[in-house]
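Accompanying notes for the structure given below.
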Amino acid sequence: MSPHAVQDSIETPPRAPSPIANFGTLAVHAGSPHDPTTGAVIESLSLSTTFAQNSVGKPVGAYEYVRSSNPNRDNFEEAIAALEHAKYALAFSSGSATTATILQSLAQGSHVVSVSDVYGGTHRYFTKVAAAHGVQVTFSPSIELDVADMIRPGETKLIWIESPSNPTLSLVDIRAVATVAHQHGIMVVVDNTFLSPYIQNPLDHGADIVVHSVTKYINGHSDVLMGCAAFNSPDLKDRLTFLQNAIGAVPSPFDCWLAHRGLKTLHLRAKEASRNALLVSNALASSAHTLLVNYPGLPTHKQYSIVQKQHRDGLGGGMLSFRIKGGPQAAERFCQQVNIFTLAESLGGVESLVEVPSSMTHAGIPKEQREAAGVWDDLVRMSCGVEDGEDLKKDVLQALEKAVIGPKVAGMLKEPQTNGHAR
Ligand SMILES: *Cc1c(COP(=O)(O)O)cnc(C)c1O
């Protein structure tokens, strides 16, 4: 793979030390030119919305108007392309805007097959928005088995995968699905948000487009809302670049600058978050207070063979979920009793977060449908950050004791305890 496949065709200023193909080097250097006039090693923030022209229709440089392209977005896109082993990448104002733009690229009457366990916002777009422009989406809980039957010849244009899924962390064999899809000329999209490009590169497993909510691991500091898509096809580049500009769901230069800064430490954060999540998962799995632990980094994960095939070094990522003993009340108490994990939605930041999907991120899904997908009321989802792993483990163990044993000792289970806010 040429780390600078994208650059070859573009006039670029002098580069930082020549990147080689390994991830950490690319993360730090791809799309990070030194400033050609000052030598600044960090790119300037280019806030200008418009760019001067020497004569009519002849801009001074590569830029005309900020929505179409700007230096900070170009640099960020170049870095993403390098990290996802793609020729091209495009940035959008959010992960959701990325999804919407890709769906908008489909002709009226198109059909999409999606895994059932998609991100809530993606499910909302697929079921409540796509139909308005004549695109129909059908869902499968076991896409590797169902995909051949679900394809409507001539109509199906896209297959949408999320691996691992949210919040049950089940996996999809991307290659298996892509093989069937490509026999029918259908494109495969993989939402790679949960793992980040450090742990999984879907294009290497046959996907045609990889998408991210940059808001999560890529930016990694919980202070930017952004999305991106990466791919190899020049036709897709033309179509999606056109829509990126025409729809205009683009990120600000400042957000591109921030996300690019975050991306430079992605490999360090992803490794540490994975290490911490494995430590916490092992502690949860050995605890008498849990019923089940979902974590792809555990060799007991039901699809561990896919982990070994698709994930770098068998890493499981920073996300895990588990069922606590004592029902939804215990789940809620657990979230109140942790001291380092913050009770909040989202994921992928340096700080650890915890939530109860059935009442928070997945509350919009009908109970029956939710439980069929394994999202029980006692399921707790955790995003492990990069704090000290032993501290996280201790925090989880003490919170389990208080959430499951504490109320029994205090006789509190006899009184309906619906929230722990008083404590
Ligand atoms: C957060 C998220 C999205 C949506 O991204 P936004 O940046 O919040 O719009 C899409 N997919 C997954 C898996 C996510 O976690």
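All values derive from a computational prediction rather than experimental measurement.
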Kindly determine whether Ile161 and Val188 satisfy side chain to side chain contact (heavy atoms under 4.5 Å, CB included), including the steps that lead there.
CA-CA 7 Å; Ile161 293 173; Val188 174; 3.8 Å; yes
Under 3.5 Å, side chain of Ser105 to main-chain N/O of Ile102, donor-acceptor pair present?
yes
Nearest heavy-atom pair of Gln53 and Gly57: which atoms, and what distance?
OE1-N, 2.9 Å
Please confirm whether Trp257 and Phe76 have ring centers closer than 6.0 angstrom.
no
Ring centres under 6.0 Å, that's the criterion: do Tyr65 and Phe51 meet it?
no
With a 4.5 Å cut-off on side-chain heavy atoms, are Ile159 and Val189 touching?
no
The residue among Ile199, Asp117, Leu169 that forms side chain to side chain contact (heavy atoms under 4.5 Å, CB included) with Pro164 is Leu169
Which of these, Gln303, His205, Gln200, sits in a side-chain hydrogen bond (donor to acceptor under 3.5 Å, both in side chains) with Gln310?
Gln200
N/O donor-acceptor pair under 3.5 Å between Glu355 side chain and Met360 backbone
no
Measure from the side-chain N and O atoms of Asn276 to the backbone N and O of Glu387, and report whether any donor-acceptor pair falls under 3.5 Å.
yes
Do any N or O atoms from the side chain of Thr290 and from the backbone of Leu292 form a donor-acceptor pair under 3.5 angstrom?
no
The test is side chain to side chain contact (heavy atoms under 4.5 Å, CB included); show your working for Met382 and Val396 and say whether it passes.
CA-CA 10 Å; Met382 307 189 96; Val396 164; 3.7 Å; yes
CD-OG distance between Glu371 and Ser358, expressed to the nearest 0.5 angstrom:
8.5 Å
Please report the interatomic distance CG(Leu171) to CD1(Ile174), rounded to the nearest 0.5 Å.
9.0 Å
How close do Asn219 and Leu258 get, counting heavy atoms only, and between which atoms?
OD1-O, 3.5 Å
Less than 4.5 Å apart, side chain to side chain, heavy atoms only: is that true for Pro253 and Val66?
yes
Please tell me whether Gln244 and Arg239 have a donor and an acceptor in their side chains that are separated by less than 3.5 angstrom.
no
Look at the aromatic rings of Phe334 and Phe322 and report parallel, tilted or perpendicular, splitting at 30° and 60°.
perpendicular
Heavy atoms from other residues, nucleotides or ligands near CD of Gln183 exceed 12 (cutoff 6.0 Å)
yes
Contact between Tyr304 and Leu298 at the side-chain level, heavy atoms closer than 4.5 Å - yes or no?
no
Of all heavy-atom pairs between Asn245 and Ser68, which one has the smallest distance, and what is that distance?
OD1-OG, 3.2 Å
Nearest heavy-atom contact between Asn75 and Glu43 is ND2-OE1, 3.1 Å
Any donor-acceptor pair under 3.5 Å from Ser93 side chain to Ala249 backbone:
yes
Kindly determine whether Val280 and Leu284 satisfy side chain to side chain contact (heavy atoms under 4.5 Å, CB included), including the steps that lead there.
CA-CA 6 Å; Val280 169; Leu284 287 167; 3.8 Å; yes
Do Val356 and Pro328 have side-chain heavy atoms sitting under 4.5 Å apart?
no
Any side-chain heavy atom of Val354 sitting closer than 4.5 Å to one from Thr342?
no
Can a donor-acceptor pair be found, under 3.5 Å and without considering hydrogens, that links the side chain of Arg323 to the backbone of Leu379?
no
For the pair Arg269 (side chain) and Gly262 (backbone), establish whether a donor and an acceptor sit closer than 3.5 Å, ignoring hydrogens and angles.
yes
Shortest non-hydrogen separation from Thr50 to Glu64 and the atoms involved
OG1-O, 3.3 Å
Ser69 and Asp74: side-chain hydrogen bond (donor to acceptor under 3.5 Å, both in side chains), yes or no, with the steps?
CA-CA 7 Å; Ser69 63; Asp74 270 5; 4.8 Å; no
If you draw a 6.0 Å radius around CZ in Arg275, do more than 12 non-hydrogen atoms from other residues or ligands fall strictly inside?
no
Kindly indicate whether the side chain of Trp376, heavy atoms from C-beta on, has any atom under 4.5 Å from the side chain of Thr168.
no
Looking at Asp173 and Arg175, would you say the former's side chain and the latter's main chain have a donor-acceptor pair under 3.5 Å?
yes
Distance (rounded to the nearest 0.5 Å) between Gln369 CD and Ser116 OG:
8.5 Å
Calculate, to the nearest 0.5 Å, the distance between atoms CG and OG belonging to Leu225 and Ser94 respectively.
5.0 Å
Hey, which of Ser252, Cys256, Ser213 is the one that makes side chain to side chain contact (heavy atoms under 4.5 Å, CB included) with Met226?
Cys256
Would you check, one step at a time, whether the test side chain to side chain contact (heavy atoms under 4.5 Å, CB included) holds for Thr361 with Tyr119?
CA-CA 9 Å; Thr361 48; Tyr119 175 72; over 6 Å; no
Tell me whether Lys393 forms a cation-pi arrangement with Phe341, defined as NZ or CZ under 6.0 Å from the six-membered ring centre and within 45 degrees of its axis.
no
Are any side-chain N or O atoms of Asp146 and backbone N or O atoms of Ser140, one a donor and one an acceptor, separated by less than 3.5 Å?
no
Do Glu77 and Asn72 have side-chain heavy atoms sitting under 4.5 Å apart?
no
Side chains of Asn70 and Ser46: is there a donor and an acceptor less than 3.5 Å apart?
no
For Asn294 and Arg381, what are the C-alpha separation, side-chain angles and deciding distance, and is it a side-chain hydrogen bond (donor to acceptor under 3.5 Å, both in side chains)?
CA-CA 9 Å; Asn294 300 314; Arg381 186 186 85 173; over 6 Å; no
Parallel, tilted or perpendicular, judged at 30° and 60°: which one describes the rings of Tyr198 and Phe23?
perpendicular
Asp377 and Arg370 ion-paired at < 4.0 Å
yes
Looking at Asp223, is its backbone amide N or carbonyl O close enough to the side chain of His221 to form a donor-acceptor pair, meaning the two atoms are under 3.5 Å apart?
no
When every non-hydrogen atom of His85 is compared with those of Asp204, the smallest separation belongs to ND1-OD2, 2.7 Å
Donor on one side chain, acceptor on other, Asp191 and Thr193, under 3.5 Å:
yes
From NE2 (His267) to CG (Leu83), nearest 0.5 Å
9.5 Å
Please evaluate residues Asn192 and Glu84 with respect to the criterion side-chain hydrogen bond (donor to acceptor under 3.5 Å, both in side chains), reporting the C-alpha separation (whole Å), side-chain torsions for both, the decisive distance (0.1 Å), and the verdict.
CA-CA 10 Å; Asn192 199 25; Glu84 276 294 11; 2.9 Å; yes
Side-chain donor-acceptor pair under 3.5 Å between His111 and Thr156, yes or no?
yes
Can you confirm whether the side chains of Asp395 and Gln337 place a donor and an acceptor under 3.5 Å from each other?
no
Ring centres under 6.0 Å, that's the criterion: do Tyr217 and His212 meet it?
no
Kindly indicate whether the side chain of Val210, heavy atoms from C-beta on, has any atom under 4.5 Å from the side chain of Phe231.
no
Compute whether any side-chain donor of one residue and acceptor of the other, for Ser222 and Glu351, lie under 3.5 angstrom apart.
yes
